[in-house]
Amino acid sequence: MLKYEKSDNTVTIHVDSSILQVQIIDHYIIHIKKVLDNSVASKIPDYVTVLSPQKTPWQVAEKNGQVIISTDSVKVIVNANGNIQYQNQKDNKLLSETKDYTYINPKNQGNKVSQSFAVGDEAIYGLV
C-alpha cells in the first residue's frame, strides 16, 4: 500500500527512495514532480507549469495498492512502483509511464534521469 499526504492542491506520495508530488493546477492540468528522497531542491525555475493552481474540485483515494487522483476531467494513477498513468473520466488510457526506461540513478554530480511513456488510444494532441 502506498502512503500519501494530501494538502490544498497537492498529493505527496512516497515510493521506495523517491517522492512524487502531484499538484492539481486545474481540471485538465496536473503537474507531477518526481525526486529522490535525499535530493536537494533545484534552484532552477519551473517553466513547465507557469499557471498558478486554480480552485478545482478533486479527490484522492487508495485502491488496490494504487493512489488515484482525479478531477472531473482526468485521473492520475500512481502504482506501487511509482509509475504514472493518465486516464480520462471514461477510464480510457491517455498516457502511461513505462517501467523499462523510467528511472533516476544518482551520480556524484547530478542524476541520470530517463522517462518513457506509452500512448493510449488517443492522439497526443488534445489528450482529453
Side-chain angles (χ1 to χ4, degrees):
M1 179 166 71
L2 291 174
K3 296 187 188 246
Y4 67 89
E5 301 153 16
K6 179 181 176 184
S7 64
D8 290 340
N9 62 350
T10 303
V11 176
T12 302
I13 305 166
H14 299 270
V15 180
D16 296 328
S17 62
S18 63
I19 300 170
L20 277 80
Q21 292 180 322
V22 181
Q23 185 179 38
I24 313 309
I25 304 298
D26 70 13
H27 298 273
Y28 295 101
I29 302 173
I30 310 295
H31 182 215
I32 298 179
K33 187 186 300 185
K34 188 184 287 191
V35 297
L36 293 175
D37 264 339
N38 58 355
S39 64
V40 177
S42 173
K43 294 179 182 169
I44 299 171
D46 185 359
Y47 295 113
V48 175
T49 308
V50 294
L51 182 67
S52 296
Q54 308 297 304
K55 289 194 182 277
T56 304
W58 61 281
Q59 299 82 35
V60 61
E62 191 273 330
K63 183 177 179 182
N64 299 326
Q66 299 175 320
V67 175
I68 303 166
I69 300 113
S70 58
T71 69
D72 62 357
S73 301
V74 296
K75 292 181 188 178
V76 173
I77 300 166
V78 180
N79 66 23
N81 66 3
N83 284 3
I84 303 160
Q85 182 179 109
Y86 301 87
Q87 295 180 350
N88 64 17
Q89 283 299 340
K90 295 178 184 176
D91 293 331
N92 295 323
K93 229 184 255 188
L94 302 172
L95 203 61
S96 298
E97 193 174 34
T98 64
K99 64 180 180 177
D100 297 330
Y101 298 106
T102 299
Y103 56 83
I104 303 174
N105 288 338
K107 299 290 180 194
N108 291 340
Q109 296 181 357
N111 296 318
K112 182 176 182 183
V113 178
S114 175
Q115 195 169 24
S116 175
F117 290 93
V119 178
D121 295 335
E122 300 283 329
I124 285 281
Y125 183 79
L127 285 176
V128 185

Nearest non-hydrogen partners of T98 and N83, listed with the distance: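 What the structure gives for the nearest pair is C-ND2, 3.6 Å.
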side-chain contact (heavy atoms from CB on, under 4.5 Å) evaluation trace for K93 with Q85: CA-CA 7 Å; K93 229 184 255 188; Q85 182 179 109; 3.5 Å; yes
Over 12 non-hydrogen atoms of neighbours within 6.0 angstrom of NZ in K75: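 Correct, the count exceeds 12.
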Distance (rounded to the nearest 0.5 Å) between T71 OG1 and Y28 OH: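 Spacing of OG1 (T71) from OH (Y28) equals 8.0 Å.
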NZ on K6 to CD1 on I13, rounded to 0.5 Å: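 If I round to the nearest 0.5 Å, the distance is 12.5 Å.
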Test item: V22 and I30 side chains (from C-beta on) under 4.5 Å apart, heavy atoms: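 SC-SC contact between V22 and I30 confirmed.
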Test item: I84 and V76 side chains (from C-beta on) under 4.5 Å apart, heavy atoms: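 Yes - at least one pair of side-chain heavy atoms lies under 4.5 Å apart.
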For residues 53-61, which side-chain N or O atoms pair as donor and acceptor with protein atoms under 3.5 Å away, sequence neighbours left out?
residue	atom	partner	partner atom	Å
Q54	NE2	S52	O	2.6
T56	OG1	Q54	O	3.3
W58	NE1	D8	O	3.3
Q59	OE1	S70	OG	3.3

With the 4.5 Å side-chain cut-off for hydrophobic clustering, are [X] and [Y] part of the same group?
| X | Y | answer |
| --- | --- | --- |
| L95 | V67 | yes |
| L94 | V119 | yes |
| L2 | Y4 | yes |

Using the side-chain contact (heavy atoms from CB on, under 4.5 Å) criterion, which residues pair with [X]? Sequence neighbours excluded.
| X | answer |
| --- | --- |
| N64 | none |
| K90 | N88, N92 |
| T10 | S7, T12, Q21, Q23 |

Donor-acceptor pair, side chain of Q66 and main chain of N79, under 3.5 angstrom: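 It does not hold such a pair.
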Those residues that, when tested against D16, pass salt bridge (charged side-chain N to carboxylate O under 4.0 Å, His left out) (two or more places apart):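 Not a single residue meets the salt bridge (charged side-chain N to carboxylate O under 4.0 Å, His left out) criterion with D16.
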With Q87, the side chain to side chain contact (heavy atoms under 4.5 Å, CB included) member among I68, V74, I77: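 Among I68, V74, I77, the one that satisfies the side chain to side chain contact (heavy atoms under 4.5 Å, CB included) with Q87 is I77.
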With sequence neighbours excluded, residues passing side-chain hydrogen bond (donor to acceptor under 3.5 Å, both in side chains) with D72: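 D72 satisfies side-chain hydrogen bond (donor to acceptor under 3.5 Å, both in side chains) with H27 once adjacent residues are dropped.
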Residue pairs involving residues 78-87 (criterion salt bridge (Lys or Arg N to Asp or Glu O under 4.0 Å); sequence neighbours excluded):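 Every candidate salt bridge (Lys or Arg N to Asp or Glu O under 4.0 Å) pair involving residues 78-87 fails, so no pair, neighbours aside, qualifies.
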